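Read the structure below first, then the notes.
Keep in mind it's a predicted model, so treat the numbers as computed, not measured. Order of appearance sets the numbers: ligands from 1, and atoms from 1 within every ligand.
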Amino acid sequence: MSVASSRHFLQIPGPTNVPDRVLHAIAKPTIDHRGPDFADLALEVFDKLRAVVRTSADVVIYPSSGTGAWEAALVNTLSPGDAVLMCETGHFSGLWSELASTLGLRPETIAGDWRSGADPGAIEQRLRADTEHRIKAVAVVHNETSTGVVSDIPAVRAALDAADHPALLLVDTISSLGSVDYRHDDWGVDVTISCSQKGLMLPPGIGINAISAKALLAARSSTLLKSYWDWQPMLDSGKQGYFRFTPPTNLLFGLREALSMLLEEGLDEVVARHDRHAAATRAAVRAWGLEILCREPGTAPGTHHSSALTAVVMPPGHDADDLREIILDRFDTSLGAGLSKVAKKVFRIGHLGAFNDATLLGTLGVVEAGLGLAGVPHRTGGVTAAIAELTGRSGE
Ligand code: PLP
């Protein structure tokens with residue numbers, strides 16, 4: 001049904017649409033990764049990346065997906081049998097915890113309902129009880145991509161400080177960096193984990209760690225096996241602008257361009273743009289009479305609506321995948337699927353990365369049309385509500 005000659009509408013919460021400026025940068029001829037031009041490229045990328053992570057700390061870039069960056073954070077700082085306090089926020093916190101077990105760590109999970117963020121009060125209580133300091137790290141997913149919930153990282157930091165606990169704070173910013181306000185230094189994070197294919201507007205293929213001085217110190221005594229992920233040789237070669245292995249040169253061309261775009265727009269402006277689109281999306285969902293998966297901020301501790309995506313709950317008896325299939329078939333538009341526990345129960349609207357008002361209204365228009373075609377009970381007027389939110393006019 002859809003017209004194949006136009007560009008596919010990719011409105012999943014990552015990978016996101018890659019802007020033309022970035023695509024053109026990636027399309028440059030590959031250069032010698034041991035030559036002087038490469039060193040200039042890498043040093044500029046490290047500097048700009050630090051600015052976007054809001055840190056003066058060391059950063060490491062891997063040719064990897066986000067999972068590699070998760071693994072790097074764990075194997076560089078921890079030793080076999082170390083306890084890691086994880087917070088169940090959704091599918092991705094669960095995968096990270098499974099990875100920790102596979103590596104020989106002992107993840108201990110604070111249970112969650114997949115509608116709320118990490119609970120700073122529960123973290124503080126658990127850390128206070130850990131008088132022998134067996135817990136070596138607290139791991140939190142900042143923006144839980146499976147649920148559209150943002151955890152309050154400054155409140156988590158405050159919980160560690162209130163408990164006077166020396167655990168490292170590891171934060172997954174895979175779907176928040178470049179979309180949701182994030183500050184590695186100000187928030188006292190020890191390892192920031194991220195990757196390329198979401199707010200950084202690149203194809204998949206780059207994993208990122210930003211590393212505090214405390215995390216670097218922990219790395220000296222960490223005994224988990226590591227080779228490819230070992231920070232130290234990466235940091236040593238990175239100082240000269242080189243990688244210890246063949247780097248993803250063309251993705252780095254793209255990363256330089258994407259970081260420049262974010263810095264040209266201004267990080268506060270980038271965050272405000274995402275906040276605005278998220279508010280308009282929520283206005284549309286409420287007008288449709290559908291439920292947002294994230295609990296209202298204020299009704300659960302440490303819980304905020306995501307500005308990167310909105311997860312929408314289907315009415316009972318209706319399958320989110322049927323709706324997504326109709327929308328893909330009729331409108332050549334991809335929406336995010338519900339994952340594991342919420343499979344078929346929710347669909348996710350991505351509004352992160354290279355995104356403007358027109359993209360948002362196109363996406364919401366397609367969702368509203370799809371709800372009608374799929375016979376999902378709803379009220380019309382979601383797009384009108386979003387327009388009112390975007391333009392500040394109440395749609396008289
Ligand atoms: N963490 C979060 C929050 C994610 O959204 C994802 C993937 O979507 C991952 C981790 C895993 O990243 P990757 O699939 O790039 O390995």
Side-chain angles (χ1 to χ4, degrees), residues 10-18 53 60-75 84 86-103 107 109 112 114-118 137 139-153 156 170-180 182 189 191-210 228-229 248 251 254-255 258 274 293-294 303-311 334-343 346-353:
L10 181 68
Q11 308 316 148
I12 60 175
T16 61
N17 293 288
V18 182
V53 182
V60 166
I61 292 177
Y62 298 100
S64 79
S65 81
T67 303
W70 265 348
E71 179 160 341
L74 298 174
V75 296
V84 183
M86 320 270 317
C87 304
E88 182 190 7
T89 47
H91 177 70
F92 290 104
S93 69
L95 288 182
W96 199 8
S97 173
E98 278 170 30
L99 173 59
S101 299
T102 308
L103 293 172
T109 303
W114 288 47
R115 306 191 69 168
S116 318
V140 181
V141 176
H142 184 210
N143 184 76
E144 177 53 74
T145 325
S146 62
T147 62
V149 179
V150 165
S151 288
D152 188 337
I153 302 303
V156 172
L170 315 181
V171 180
D172 169 336
T173 68
I174 282 174
S175 57
S176 60
L177 192 68
S179 308
V180 178
Y182 184 76
V189 177
V191 187
T192 292
I193 294 122
S194 206
C195 66
S196 53
Q197 73 268 21
K198 306 213 187 231
L200 296 185
M201 307 180 289
L202 286 168
I206 283 184
I208 294 162
N209 279 177
Y228 182 81
W229 303 114
L251 283 180
L255 181 57
H274 284 81
L293 184 62
C294 177
T303 300
H304 300 275
H305 285 297
S306 168
S307 287
L309 75 136
T310 301
S334 293
L335 297 175
L339 298 173
S340 47
K341 199 168 127 180
V342 291
V346 306
F347 65 92
R348 295 173 299 147
I349 303 173
H351 33 75
L352 74 166

Hey, is [X] one of the residues with a heavy atom under 4.0 angstrom from ligand 1?
| X | value |
| --- | --- |
| Glu144 | no |
| Gln197 | yes |
| Ile193 | no |
| Trp70 | yes |

Looking at [atom], what's its closest protein heavy atom, distance included?
| atom | answer |
| --- | --- |
| atom 9 (C) of ligand 1 | Phe92 CD2, 3.6 Å |
| atom 8 (O) of ligand 1 | Lys198 NZ, 2.8 Å |
| atom 11 (C) of ligand 1 | Thr67 OG1, 3.8 Å |

Proximal ligand 1 atoms for [X], defined as those under 4.0 Å from one of its heavy atoms:
| X | answer |
| --- | --- |
| Asn143 | 3 (C) |
| Ser65 | 13 (P), 15 (O), 16 (O) |
| Thr145 | 2 (C), 3 (C), 4 (C), 5 (O) |

Evaluation steps, side chain to side chain donor-acceptor pair (under 3.5 Å), between Ser64 and Tyr228 = CA-CA 11 Å; Ser64 79; Tyr228 182 81; over 6 Å; no

If every non-hydrogen atom of [X] is compared with every non-hydrogen atom of [Y], which pair is closest and at what distance?
| X | Y | answer |
| --- | --- | --- |
| His91 | Ser146 | N-OG, 3.0 Å |
| Ser97 | Thr109 | OG-OG1, 3.9 Å |
| Lys341 | Gly112 | NZ-O, 4.4 Å |

Any idea which part of Asp172 is under 4.0 Å from ligand 1, heavy-atom wise: side chain, backbone, both or neither?
->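 Contact part for Asp172 vs ligand 1: side chain (C-beta onward).
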
Check Leu95 against ligand 1 and report side chain, backbone, both or neither, counting heavy atoms closer than 4.0 Å.
->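 Neither part.
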
If you round to the nearest 0.5 Å, how far is CD1 of Ile206 from OG of Ser194?
->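 Between atom OG of Ser194 and atom CD1 of Ile206 there are 11.0 Å.
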
Going by the side chain to side chain donor-acceptor pair (under 3.5 Å) test, name the single residue among Ser306, Ser179, Ser176 that passes it with Asn143.
->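 Exactly one pass, corresponding to Ser306.
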
Looking only at N/O atoms, are Gly66 and ligand 1 under 3.5 Å apart anywhere?
-> yes

For the residue pair Trp96 and Trp70, does the interplanar ring angle fall in the parallel (under 30°), tilted (30 to 60°) or perpendicular (over 60°) class?
-> parallel

So, do Lys198 and Thr145 sit near enough that their side-chain heavy atoms are less than 4.5 Å apart?
-> yes

Whether Ser196 side chain and Pro203 backbone form a donor-acceptor pair below 3.5 Å | yes

